[in-house]
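Written out below as C-alpha cells is the structure these notes cover.
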Amino acid sequence: MNTSPSDRDRGTEKLNWVERRREKIRAEVERNRRGEYTVPTWVLVVALVAIVAGWLALIFLVG
C-alpha cells in the first residue's frame, strides 16, 4: 500500500499532538507534586453560585 505525503504528515501531526499533550500532562503533575496546583475557575464559580443561592434561600425562606 502506497501512502501519500499528506497521509504521512497527518500521522506525524497526530504524533506531535500526542507528545505535546503528554508533556503538558507531565508538567502539570510535576507542578501539583510541588504544591503549585490551582483550583479550576469552574470550581470557583460553582462554589460562589452555591454560596449565593444558599444565602438567598435563607433570606427568602426564613425571612
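Legend: salt bridge (charged side-chain N to carboxylate O under 4.0 Å, His left out) pairs involving residues 54-63, not counting sequence neighbours: none detected. Listed by first then second residue, pairs satisfying salt bridge (charged side-chain N to carboxylate O under 4.0 Å, His left out) with a partner in residues 36-62 read R34-E36, not counting sequence neighbours. The list of salt bridge (charged side-chain N to carboxylate O under 4.0 Å, His left out) pairs with a residue in residues 48-61, not counting sequence neighbours, is empty.
Partners of L56 according to the side-chain contact (heavy atoms from CB on, under 4.5 Å) rule, which considers only residues two or more places apart in sequence or in another chain, are V52, F60. With sequence neighbours excluded, no residue satisfies side chain to side chain donor-acceptor pair (under 3.5 Å) with R33. Listed by chain and number, the residues in a side chain to side chain donor-acceptor pair (under 3.5 Å) with R20 amount to none (sequence neighbours excluded).
Hydrophobic cluster membership for V45: V49 (Ile, Leu, Val, Met, Phe, Trp, Tyr linked by side-chain heavy atoms under 4.5 Å, directly or transitively). In the hydrophobic clustering, V18 connects to W17, either directly or through intervening members, whenever side-chain heavy atoms lie under 4.5 Å apart. In the hydrophobic clustering, L44 connects to V39, W42, V43, V46, either directly or through intervening members, whenever side-chain heavy atoms lie under 4.5 Å apart.
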For residues 23-31, which side-chain donor-acceptor pairs fall under 3.5 Å, sequence neighbours excluded?
| residue | atom | partner | partner atom | Å |
| --- | --- | --- | --- | --- |
| E23 | OE1 | R26 | NH1 | 3.3 |

